[in-house]
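Worth knowing before you read on, the calculation uses all heavy atoms, side chains too, and leaves out hydrogens, waters and symmetry mates. The structure presented is a predicted model; accordingly, all values stated were derived computationally and were not measured. Labels below follow one simple rule: chain letters A, B, ... track the order of the sequence lines, proteins then strands, and each chain is numbered from 1.
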Amino acid sequence: MDERYDPKKIESAWQAEWERTQLYLTCEDPGRPKYYVLEMFPYPSGAGLSVGHLHNYVPCDVIGRYKRMTGHNVLHAMGWDAFGLPAENEAILKGSHPTETVPRYAANFKRQLTISGCAYDWTREINSSSPDYYKWTQWFFLLLHKRGLAYRATGTQWWCDKCRTILANEQVVNGCCWRHTDTPVGKKDLEQWYIKITDYADRLLGDLDAIDWPEPIKLMQRNWIGRSEGAELAFPVAGRPGKEVRFFTTRPDTVFGVSFMVLAPEHPLLNEIITPEQRAKIEAYAAEARRQSEIERMSTVKEKTGVFTGAFARNVFTNKDIPIWIADYVLMGYGTGAIMAAPGEDERDFEFATKYGLEIPRVTASSEAAAPPSDRAFTEHGVAINSGFLNGMPTQKAIATVCKYAIDNGIGRATVSYRMRDWLISRQRYWGCPIPMVYCKGACGIVPVPENQLPVLLPPMKEYQPSGTGRSPLANVPEFVNTTCPKCGGPATRETDTLDGFACSSWYFLRFASPREDRAAFDRKAVDYWLPVDLYVGGAEHAVMHLLYARMWTKVMFDAGLINFKEPFPVLRNQGVVWAPDGQRMSKSKGNVVTPDAMIDKYGADSLRLWELFMSPYDEATNWNESGVAGTQRFIMRVWTMVRRYAEAGAPAGTPSNETLKRAHKTIATVTDHIERLRFNTALATLMDHLNYLAKLKPGELDRFSTETFVVMLAPMAPYVGEELWHAMGHDKSVHLESWPKFDPALVRDETVTIVIQISGKVRDRIEMPVGSPEDEVRERAMASEAVQRHLAGKTPKKFIYVQDKMLSIVI
RNA sequence: GCCGGGGUGGCGAAAUGGCAGACGCAGAGGACUUAAAAUCCUCUGGGGGUAAUUCCCCCGUGCGGGUUCGAGUCCCGCCCCCGGCACCA
């Protein structure tokens, strides 16, 4: 054993050895419980991995190694989320090509992960942009299509001038493109593919209750799905037989107070109902709303505006004709694109009615006797007034009564509305998975590519940049576009859009179970064995989109009988963001990316890993601070010294002192508990504390049990040093194949405890007592204390509160 | 504006309602050394009392209240920081 710790020397040697012995190769083994730990797979960027990435990968690696030591068969693999905007945009920016950059960047990530000592089974590496992967992404799209969950629709979509492409609703941030936050988006009409995720809204919502996820993430998903109960009703358009305005309301009990209606400016009914005098004004307003920057239209501070259509609807409850307006605050994308306005009970309707001098009936009050406030809407639940057959009913009952009345009279029904919209999955981009659809020029229409013709290969293209026409660059490749109809054999064209990158990441967790399977997306037996994922870890920025899409696809697969579970990730945790030392996001453009390479070169991979674990709770955000790495390196050197002293003393096999033994068992108990709860920082602190004790022992007192269990517990966190020291202690087998040490509960228990004595809540003394001492004995000892007597100052205690083995509180 | 998370020494942070600051970083002093580095030892929230760094007291977890024998932790009201969402009928 070398006198000094030299990370460069041991790290490359052990890497080669682990490679040679295929230490991390994983196979199904029915004899052992499985454990599948998965990090959200990264997009391989040219900036390389940062120390921020490792704040996710190192803890997961520790869990993987720990679980292996506790007898689990662990699946821990890595892949690349390589298709999509980020990879394409980065390649464009550098004037290179994603087919060249992606493999290069991925190889660099792999190299960085390997030198960081992360134990992945690299034989399972996957890449979402390789044909043997995206063949099955296409297959899943066809599955969705077959099950009626993929459909084509014309949508008015956001358009970014800089990206020269269409954006999904989710990609519009504050009215600007999410990638060019200074570029307000415009609009373009296109026919595109949608995934009917709304069909799964209720299950996506309901099943949240059964999974172990951080509550804030669940809440964000609930809010995103945005379920609201209410009624869908219809009022006829006055003087237009057969025409009606359908609308959704959460407050059907206020129908008697509906004094006007508002349609979205894009509402298709408009053209048929507006009066000639109003047409010019309406069209100008609608054009304005459409052209308006979304910042303006969505601004909450902006005063409400609207235009009267000239048309009226018949409120079938009051039998009054009420004016129909349009306003940009009513959105076509939610509900039916039309609302009933009950200005007495809704704040926005109140504001609108006040501005335009519309009637404000009052139909809800806190009680039948009370008058509603005159200066604002009464939005709370209460009692119906001025409401015909609803009068006197509390809001809940009135809602139910109106819903029943609506069904009986053919006006509408109780229903549920969702805020979540269907997933627009088409991208007018080159770097994505081609959508396997064909448009027959004959009579067959839209025809799916037969499964045996998959994959539809992405054609090589030199000039792959968005064309700026709104069409995908693939439209410029005639050999790709022109094909024959799979049904009739006649001339046909291919779909030229590619799939949203989120499609690739909606099933990749299945692929790791059988990554080389070429007859199916996955091998059923392997998936039955490995899935669902036992621990899924990633950033909170994926709270809604990725995690909702992956959950939905899983449910579709379950429904299709392909898998036997409904939730892909029963346990989810979020790692905290590591900000740059300056408190900003690490990015290449800001020049503040700290790479693991630099840290490994300076301190060694194990020191870096320990600092990643130690610097903060893994799920909390923190600023990167290099000075701590020197501290964890110092810790490793002290462990090194301890083991060397142990080895030089001839690896004493003798019995340790009672105190040493107790400390060793307590350390095992605490470290185990903290790792199980992913409290890596305190797990390591416990080991440091234990080392502080062991390092003070004389060489002959350093016993085998304490020293060996220490190294075994350190090994998952610092795999190189763990391995080196384990071998230095005379073992031949890898430490990473050892069993996690067990503790003796009898040795963890203490015989005596320190009991805190408080007087009026202030600590005044501490006494040592045998564990389980009865209260009267503790009281007696406490009252005998000189400090207690001094603070009592002759007063008689009124009351004693005793917490067993912890504290005695004296109240005076 | 709404929703969520957070605010503890010079810094990163500990603490099932029960000894606030474990474990580290940085700093100070000392040992070793010709010297330095490394290493090891000691000290390190603020204020005060005392012969006493070792004994004792007071204050202290963003601010103001409250519950409790006891609050960093629970409740109410504010301030600030971070993230998400944007008139959701």
For the side chain of Gln758(A), starting at C-beta, report the closest nucleotide among A14(B), C58(B), C69(B).
C69(B)
Can you list everything that forms a salt bridge (charged side-chain N to carboxylate O under 4.0 Å, His left out) with Arg679(A)? Sequence neighbours excluded, please.
none
Provide the distance between the two C1' atoms, one in G12(B) and one in G66(B), to the nearest whole Å.
33 Å
Under 3.5 Å, N/O pairs linking protein and nucleotides 40-46 of chain B:
{"residue": "C40(B)", "atom": "OP1", "partner": "Arg638(A)", "partner atom": "NE", "Å": "3.1"}

Take the protein atom CZ of Arg677(A) and the nucleotide atom C1' of A15(B), then report the distance between them rounded to whole Å.
12 Å
Does a side-chain N-to-carboxylate-O contact under 4.0 Å join Asp689(A) and Arg663(A)?
no
So what does Val763(A) touch, heavy atoms closer than 4.0 Å: a base, only the sugar-phosphate, or nothing?
sugar-phosphate
In the structure shown, which nucleotide is the Watson-Crick or G-U wobble counterpart of U42(B), with both distances under 3.5 Å?
A28(B)
Could you tell me which nucleotide pairs with G83(B) by Watson-Crick or G-U wobble geometry, both distances under 3.5 Å, or answer none if nothing does?
C3(B)
Is there a side-chain polar atom (N or O) of Ser627(A) under 4.0 Å from OP1 or OP2 of C11(B)?
no
Spacing between Phe635(A) atom CZ and U39(B) atom P, to the nearest angstrom:
15 Å
note: Met220(A), atom CE; G4(B), atom P; distance rounded to Å ~ 10 Å
Nucleotide opposite G18(B) in a Watson-Crick or G-U pair, distances under 3.5 Å:
C69(B)
Can you see whether Tyr418(A) engages Asp202(A) through a side-chain donor-acceptor pair at a distance of less than 3.5 angstrom?
yes
Sorted by chain and number, sequence neighbours left out, side-chain hydrogen bond (donor to acceptor under 3.5 Å, both in side chains) with Lys806(A) holds for none
So, Asp2(A) and Arg644(A), do they make that salt bridge, N to O below 4.0 Å?
no
Taking the side chain as every heavy atom from C-beta outward, state whether Thr379(A) and Glu347(A) have any atom pair closer than 4.5 Å.
yes
Given the structure, check if the side chain of Arg766(A) and the base of C19(B) hold any donor-acceptor pair shorter than 3.5 Å.
yes
Chi class for G9(B): syn within 90° of 0, otherwise anti
syn
Side-chain contact check for Arg419(A): nearest option of A22(B), A86(B), C57(B) is A86(B)
Of the options C23(B), U16(B), C69(B), whose atoms approach the side-chain atoms of Met688(A) most closely?
C23(B)
Partner of U34(B) by Watson-Crick or G-U wobble geometry, both contacts under 3.5 Å, or none?
none
Which nucleotide, if any, forms a Watson-Crick or G-U wobble pair with C78(B), using both distances under 3.5 Å?
G62(B)
Thinking salt bridges, do Asp6(A) and Arg4(A) make one under a 4.0 Å N-O criterion?
no
